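Just below is one structure, and these are the notes that go with it.
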Amino acid sequence: MTGARRKTREIALQALYEADTASHKALEVLKRLLAENEMSAENTAFAGELLDGVRQNREQIDADISKYAPAWPLEQIPVIDRNILRLAIFEILFDNKVPIKVAINEAVELAKEYGGDNSPRFINGVLGSVSALARR
């Protein structure tokens with residue numbers, strides 16, 4: 001189950017990344033990526049929830065990133081790291097469907113896979129601070 005959920009997060013991350021870098025419509029990118037990957041109906045819905053949640057709450061999420069990574073202006077954070085943070089902050093502060101530690105761990109794993117050498121530590125640090133905001 002964990003592998004399928006991580007794959008779903010990867011797909012949502014890819015859609016956010018492509019939307020950020022190529023100015024494609026995130027929902028269209030997500031539909032294409034889901035068509036290319038066999039996923040259960042549950043995980044397809046989960047990918048849509050992640051994408052919609054980030055898009056609907058992006059202004060607040062970006063404000064939280066700016067607050068908890070003050071040394072890094074949002075536009076200077078690598079695009080992949082910025083979108084990993086967006087996904088995780090959505091899950092931590094807005095979605096409340098997974099434990100905070102799980103959301104942070106999943107984000108760190110995505111950072112290890114897709115980010116730079118310092119990405120996992122940076123992501124973990126920012127999310128550790130953000131998690132103090134969460135009320136569970």
Side-chain angles (χ1 to χ4, degrees):
M1 185 65 163
T2 303
R5 296 288 275 195
R6 182 166 301 154
K7 180 65 178 167
T8 303
R9 285 182 182 91
E10 287 178 5
I11 289 172
L13 175 62
Q14 290 169 351
L16 290 168
Y17 181 86
E18 186 173 325
D20 245 13
T21 58
S23 299
H24 294 161
K25 293 188 186 314
L27 193 54
E28 290 175 14
V29 174
L30 181 64
K31 286 179 184 176
R32 186 191 80 235
L33 292 170
L34 289 171
E36 294 170 1
N37 293 274
E38 287 188 36
M39 309 210 77
S40 69
E42 180 183 342
N43 285 327
T44 297
F46 178 53
E49 289 171 19
L50 289 173
L51 187 72
D52 286 343
V54 169
R55 290 172 58 223
Q56 290 174 9
N57 298 288
R58 187 166 159 177
E59 191 173 308
Q60 181 60 50
I61 291 169
D62 285 355
D64 290 334
I65 294 170
S66 295
K67 180 177 180 181
Y68 291 103
W72 289 90
L74 195 62
E75 61 279 353
Q76 288 183 11
I77 296 173
V79 176
I80 196 71
D81 292 357
R82 187 169 58 228
N83 283 295
I84 291 170
L85 285 170
R86 286 174 176 155
L87 276 175
I89 291 171
F90 167 71
E91 286 198 272
I92 292 168
L93 296 181
F94 299 92
D95 195 40
N96 296 322
K97 290 182 183 172
V98 297
I100 293 168
K101 287 182 179 182
V102 171
I104 292 172
N105 182 59
E106 288 294 310
V108 169
E109 290 301 317
L110 288 172
K112 287 177 184 176
E113 180 76 21
Y114 296 103
D117 291 342
N118 296 320
S119 296
R121 193 173 19 165
F122 174 70
I123 299 279
N124 191 51
V126 173
L127 294 178
S129 297
V130 167
S131 68
L133 297 174
R135 292 183 196 88
R136 298 268 165 104

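Source: prediction; values computed, not measured. Along the sequence shown, the residues carry numbers beginning at 1.
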Do you know which two heavy atoms are closest between [X] and [Y], and how far apart they sit?
{"X": "Ala107", "Y": "Leu127", "result": "CB-CD1, 3.5 Å"}
{"X": "Ala4", "Y": "Met39", "result": "O-CE, 4.1 Å"}
{"X": "Leu74", "Y": "Ser66", "result": "CB-OG, 4.2 Å"}
{"X": "Val126", "Y": "Ala69", "result": "CG2-CB, 3.9 Å"}
{"X": "Ala47", "Y": "Ala12", "result": "O-CB, 4.3 Å"}
{"X": "Asp81", "Y": "Ile77", "result": "CB-CG2, 3.8 Å"}

Any side-chain heavy atom of [X] sitting closer than 4.5 Å to one from [Y]?
{"X": "Glu28", "Y": "His24", "answer": "no"}
{"X": "Phe94", "Y": "Gln60", "answer": "yes"}
{"X": "Leu50", "Y": "Glu91", "answer": "yes"}
{"X": "Leu85", "Y": "Phe122", "answer": "yes"}
{"X": "Val29", "Y": "Gln14", "answer": "no"}
{"X": "Leu51", "Y": "Arg55", "answer": "yes"}
{"X": "Glu42", "Y": "Thr8", "answer": "no"}

Could you walk me through whether Glu36 and Lys31 pass salt bridge (Lys or Arg N to Asp or Glu O under 4.0 Å), step by step? CA-CA 9 Å; Glu36 294 170 1; Lys31 286 179 184 176; over 6 Å; no
Residues [X], [Y]: salt bridge by 4.0 Å N-O rule:
{"X": "Asp64", "Y": "Arg86", "value": "no"}
{"X": "Glu38", "Y": "Lys7", "value": "no"}
{"X": "Arg6", "Y": "Glu106", "value": "yes"}
{"X": "Lys97", "Y": "Glu49", "value": "yes"}

Between Asn83 and Val79 (side chain of the first, backbone of the second, donor and acceptor by atom type, cut-off under 3.5 Å), is there such a pair? yes
Approximate separation, where rounding is to 0.5 Å, of [X] [atom1] and [Y] [atom2]:
{"X": "Ile123", "Y": "Asn118", "atom1": "CD1", "atom2": "CG", "value": "11.0 Å"}
{"X": "Ile61", "Y": "Phe90", "atom1": "CD1", "atom2": "CZ", "value": "7.0 Å"}
{"X": "Asp62", "Y": "Glu75", "atom1": "CG", "atom2": "CD", "value": "10.0 Å"}
{"X": "Ile89", "Y": "Ser131", "atom1": "CD1", "atom2": "OG", "value": "10.5 Å"}
{"X": "Leu87", "Y": "Tyr17", "atom1": "CG", "atom2": "OH", "value": "14.5 Å"}
{"X": "Asp52", "Y": "Asn57", "atom1": "CG", "atom2": "CG", "value": "10.0 Å"}

Output, in order, the C-alpha distance, side-chain angles, deciding distance and verdict of side chain to side chain contact (heavy atoms under 4.5 Å, CB included) for Arg32 and Glu18.
-> CA-CA 12 Å; Arg32 186 191 80 235; Glu18 186 173 325; 2.9 Å; yes
Practice item. Go through Asn124 and Arg121 one step at a time and tell me if the side-chain hydrogen bond (donor to acceptor under 3.5 Å, both in side chains) criterion holds. Key: CA-CA 5 Å; Asn124 191 51; Arg121 193 173 19 165; over 6 Å; no
